[in-house]
Amino acid sequence: MRDLDTIMTAAPVIPVLVIERVEDAVPIAEALVAGGLPVLEVTLRTPAALDVIRAMKTVAGAIVGAGTALNPAQFEAAVEAGSEFVVSPGLTDALGKTAAGSNVPLLPGVSSAGDIMRALDLGFTRLKFFPAVTSGGIAALKSFSSVFGQVRFCPTGGITLETAPDWLALPAVACVGGTWLVPNGGADPAAITDRARQAAALGPSR
Ligand code: 3PG
């Protein structure tokens, strides 16, 4: 089982995926891995998501996790489907306790100092900063990291290829996430690989 640091530093960008059709799963995963982005966050926002996770796990080199897990039942369903990590937009006690009892790591979302303090209380130091741009952007993250020196972040929400380098330049940022790599379900594998290459070139992950 990989830990969150390994997952967050495997590439500078985690594609956040919203996929409607199971048949698109393997071509999209292959296109992203070929472009240098092995970590794939499949959001549980579509009825196909769990089958997409199962399908993507057959792609060599892919590290497949679930996103948008809102509660213990979704966390457990994601684990059952073979997710190697789970991401949530926020954190509840119930979700945090469920994750603490699992060997699949949870990357929970935070957007305020109080959120971060609750996450630390529940034992989480690797956090998604979400929604990053509208929650204060880079200035907010710098303030959080000066107070919470032990935390490393994956900011997502409003980040683009153009703005990702500014985030990745912050020492507290391990990686960023975004949907820009596979817009609208992603029908064009060559274009996905092109975007993945550009994202993977944003820098060695730390
Ligand atoms: C997420 O779940 O992290 C967000 O949907 C990503 O937001 P974006 O569409 O602005 O990249």
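The basis for the numbers below is simple: all heavy atoms, side chains too, and nothing from hydrogens, waters or symmetry mates. Just follow the structure's listing: the first ligand is 1, and inside any ligand the first atom is 1.
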Exercise for the section: Taking atom types as modelled, find out whether Thr6 and Asp3 have a side-chain donor-acceptor pair closer than 3.5 angstrom. Expected result: yes
Handout entry: Amino acids contacting ligand 1, non-hydrogen cut-off under 4.0 Å
Key = Val16, Arg45, Lys128, Phe130, Thr156, Gly157, Gly158, Gly178, Thr179
Problem - In one Ile/Leu/Val/Met/Phe/Trp/Tyr side-chain cluster, 4.5 Å: Val52, Val33 - result: no
Practice task
Determine whether the side chains of Ser146 and Ser143 contain a donor N or O and an acceptor N or O closer than 3.5 Å.
Solution key: no
Handout entry: Where Leu50 and Ala77 come nearest, the two heavy atoms and their spacing
Key = CD2-O, 3.7 Å
Handout entry: Leu106 vs Leu4, side-chain contact (heavy atoms from CB on, under 4.5 Å): CA-CA, chis, key distance, verdict
Key = CA-CA 8 Å; Leu106 174 69; Leu4 276 179; over 6 Å; no
Exercise for the section: Applying side chain to side chain contact (heavy atoms under 4.5 Å, CB included) between Lys128 and each of Leu91, Ile14, Leu107, report the one that passes. Expected result: Leu107
